[in-house]
Number of protein chains: 2
Amino acid sequence: MTEEQAAAKAGRPIDIILKLRNVVDSLSASEKQVAAFILDDLERATLTTVSGISEAVGVSEPTVIRFCRSLGCEGFKDFKIRLARNLAVSLQYINPKARAANDRPAFSDLVFSSLVDTLKVARDQLDAEIVDKAAKAIDSARQVAFYGVGGGSSIVAQDAANRFFRFGVMATAHSDGYLQRMQASTFGEEDVVVAISATGRPQELIDSLTIAKQYGATTLALTKPGSPLTKVSDVVIELNLPEHPEIFKPTATRLVFLCVIDVLATQVGYMRGEEVRETLRRIRSSLSSLHETIDPQPIGD
Amino acid sequence: MTEEQAAAKAGRPIDIILKLRNVVDSLSASEKQVAAFILDDLERATLTTVSGISEAVGVSEPTVIRFCRSLGCEGFKDFKIRLARNLAVSLQYINPKARAANDRPAFSDLVFSSLVDTLKVARDQLDAEIVDKAAKAIDSARQVAFYGVGGGSSIVAQDAANRFFRFGVMATAHSDGYLQRMQASTFGEEDVVVAISATGRPQELIDSLTIAKQYGATTLALTKPGSPLTKVSDVVIELNLPEHPEIFKPTATRLVFLCVIDVLATQVGYMRGEEVRETLRRIRSSLSSLHETIDPQPIGD
DNA sequence: CTGATAATGTAATTAAACTACATTTTTGAT
DNA sequence: ATCAAAAATGTAGTTTAATTACATTATCAG
């Protein structure tokens, strides 16, 4: 029983496509051929039989099953179900042949699938206890400041303030390192500073958290594990997110960070309960005369 | 052969979970029991057999198969593969029992799944021709302005400018209605204004597009179909996105809009090719001395 | 070159899906 | 209420497909 089979038994999902890509070079000659056939059209493989594959490839049926075993599956049936599940998670896996037809990727597939992939990774990494701790810190703070620099993190910080003010949190956001520092030095024990950075390396953020911490404020970071920013944070929501190699495609990381902010915001909203309903009602009321419509729309959102 | 079976034959995916929820009331008594067992734990159903289900439910094996047929599947094998694919698309379907255990939703599951669902809807609605037209307009514009109001759309506008400047597009963003109006009235035939709004109703945006259009600029909107904003736009990227009823959870719409901006940006990046690589290289170079690291990170992103 | 190991295939077995037909239940008409 | 027809359901048998056991072939190391 290999480690993967143990994992499969324990109910932990194997990312079968990733596994396939990792082990393909170490497969035997016949199994490599099976792999090539599968990778040529992943979707087709979920709709076919052992004998269909063995005939198409020119290997025996047990070789196909052995291939599945090489990937840590119990057998072909297990392999197919896993493949089907993986197939749908990442849209970019669908019919890679159609991709090769034109010289460049279908942009929406590339962007959407990369985001879905990264969201999945993030969801698996997100530590519910840490999120809970962060939400509690924000909920009980006198004021909360969100800091980001560099454009991507900047808008996450701004959006965070925009989220939390709706729930009655005294929230501000800054992306100017000078303002961050200045504000941080006015903070105290009842206050929270949240720094947002994909890399965890901007000196402005590290400095500002250090300053706020020195005056007794609680410091939070949404960032990469082990980065310098984590060293000056009381609570770290850490995410180690893969970066897609396509340089023309903007990073999915900032969108994932926004999603994490939404998780936090939702939790704080629940903590505050009816109190929040009233502030949300007021916000909606303040805007409804502008649009003259009452349907469920993200007005002012 | 029913319409659904014809669709399955033609390779069009049936959303099996949606279908199940739609037809459950019209199923026969025994098939209803099978449905209840399946819906109780969708994931479990992908891992079991016809006989497993028939025993657990107390019906015959052919009844289980008939159930699958009622959903438009060829048989149980077809049903299982479809379920597996559907299961993974929407994270919210995973183990609904675990949700019911606590009185309130698992926040990260709620937020992530809602976003993935909404992304799926958006990807299906996104018209590649319109996106192509929009990308071309942006690519050939002298300058591009992004306008949004209300917080959510504001950051999308800002982020858009942040995306496009990297590709050498003269891009600005404003969320102050006065500035929008003022800038729009300086625009001309070589310029593009992009308005971003989930509802398509803010008067500021409508006015600014009208003004820009009157001076010959090309107007683009990323908004809801049929809304007033579409009436003053030359090119409309329209998305009719569902809103989740959970009022404490921020809308996924703005994240989807950001993703659409990424699609546009990627396309413009490709159109510009090598020229863009140089500007990206410069940007990275300008920042690398700050972080003293060269690994693939979204620096300044 | 030889022996051991790994890879692969053939043939048989097993498991699971599925069909055909019988039985039971439900429905609608009188 | 009764009866016939239709629908639902189950039993038993058949077929399909996955899998195992064992034989054969290929490869590697000494």
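Just so it is clear: chains get the letters A, B, ... in the order the sequence lines come, proteins before strands, and each one is counted from 1. Nothing here was measured: the structure is a model prediction, and the numbers come from that model.
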inquiry  = Just to be sure I understand the rule, does A:Val64 reach a base, reach only the sugar-phosphate, or reach nothing, if contact means heavy atoms closer than 4.0 Å?
reply    = nothing
message = I want to check something: taking the side chain as every heavy atom from C-beta on, are A:Phe79 and A:Phe67 in contact at a cut-off of under 4.5 Å?
response = yes
task = Not counting sequence neighbours, which residues clear side-chain hydrogen bond (donor to acceptor under 3.5 Å, both in side chains) with A:Glu274? List them please.
result = A:Arg277
task = Take atom CD of B:Glu55 and atom P of D:dT9, then tell me their distance rounded to the nearest Å.
result = 18 Å
Within the sub-3.5 Å range, which N or O atoms of nucleotides 14-17 of chain C have a protein N or O partner, and how far apart are they?
unit_1: C:dA17; atom_1: OP2; unit_2: B:Val50; atom_2: N; d: 2.8

remark   = Heavy-atom closest pair (B:Ala135 atom, B:Met271 atom, distance to 0.1 Å) is CB-CE, 3.6 Å
query = Which angle, rounded to 10°, do you find between the first-five-pair axis and the last-five-pair axis of the helix from C:dC1-D:dG30 to C:dT30-D:dA1?
reply = 30°
ask   = Taking only residues at least two apart or on different chains, which pairs with a member in residues 255-269 of chain A satisfy salt bridge (charged side-chain N to carboxylate O under 4.0 Å, His left out)?
value = A:Asp262-B:Arg254
query = Should A:Thr63 be listed as having a side-chain N or O under 4.0 Å from OP1 or OP2 of C:dG9?
reply = yes
note = Sequence neighbours excluded, the answer for ring-ring contact (aromatic ring centres under 6.0 Å, His included) partners of B:Phe248 is A:Tyr270
task = Give, ordered by number, those residues of residues 23-36 of chain B having at least one heavy-atom distance below 4.0 Å to an atom of DNA chain D; if nothing qualifies, reply none.
result = B:Ser28, B:Ala29, B:Ser30
key: Nearest-Å distance for atom pair CZ/P, residues B:Arg69 and D:dA7   = 18 Å
By side chain to side chain contact (heavy atoms under 4.5 Å, CB included) - contacts of B:Cys259 (at least two apart) = A:Val111, A:Phe112, A:Leu115, A:Leu255, B:Leu119
ask   = Are A:Ser51 and A:Glu61 linked by a side-chain donor-acceptor pair shorter than 3.5 Å?
value = no
task = Quick one: list whatever passes side chain to side chain contact (heavy atoms under 4.5 Å, CB included) with B:Val131, sequence neighbours left out.
result = B:Leu126, B:Val263, B:Leu264, B:Gln267
message = Does the protein touch nucleotides 22-29 of chain D at the base, only the backbone, or not at all? Give it as B, S and - per nucleotide, heavy atoms under 4.0 Å.
response = --------
Side chain to side chain donor-acceptor pair (under 3.5 Å) assessment of A:Thr63 paired with A:Glu31 = CA-CA 7 Å; A:Thr63 297; A:Glu31 289 183 22; over 6 Å; no
key: A:Thr230: partners by side chain to side chain contact (heavy atoms under 4.5 Å, CB included), with sequence neighbours left out   = A:Thr223, A:Ser227, A:Val236
task = Can you sort out the partners of B:Val121 under side chain to side chain contact (heavy atoms under 4.5 Å, CB included), two or more places apart, ordered by chain and number?
result = B:Gln125, B:Leu241, B:Pro242
ask   = Taking only residues two or more places apart in sequence, or in another chain, which ones meet A:Ser28 in a side-chain hydrogen bond (donor to acceptor under 3.5 Å, both in side chains)?
value = none
query = How about A:Asp78 and A:Cys68: do any of their side-chain heavy atoms sit closer than 4.5 Å?
reply = no
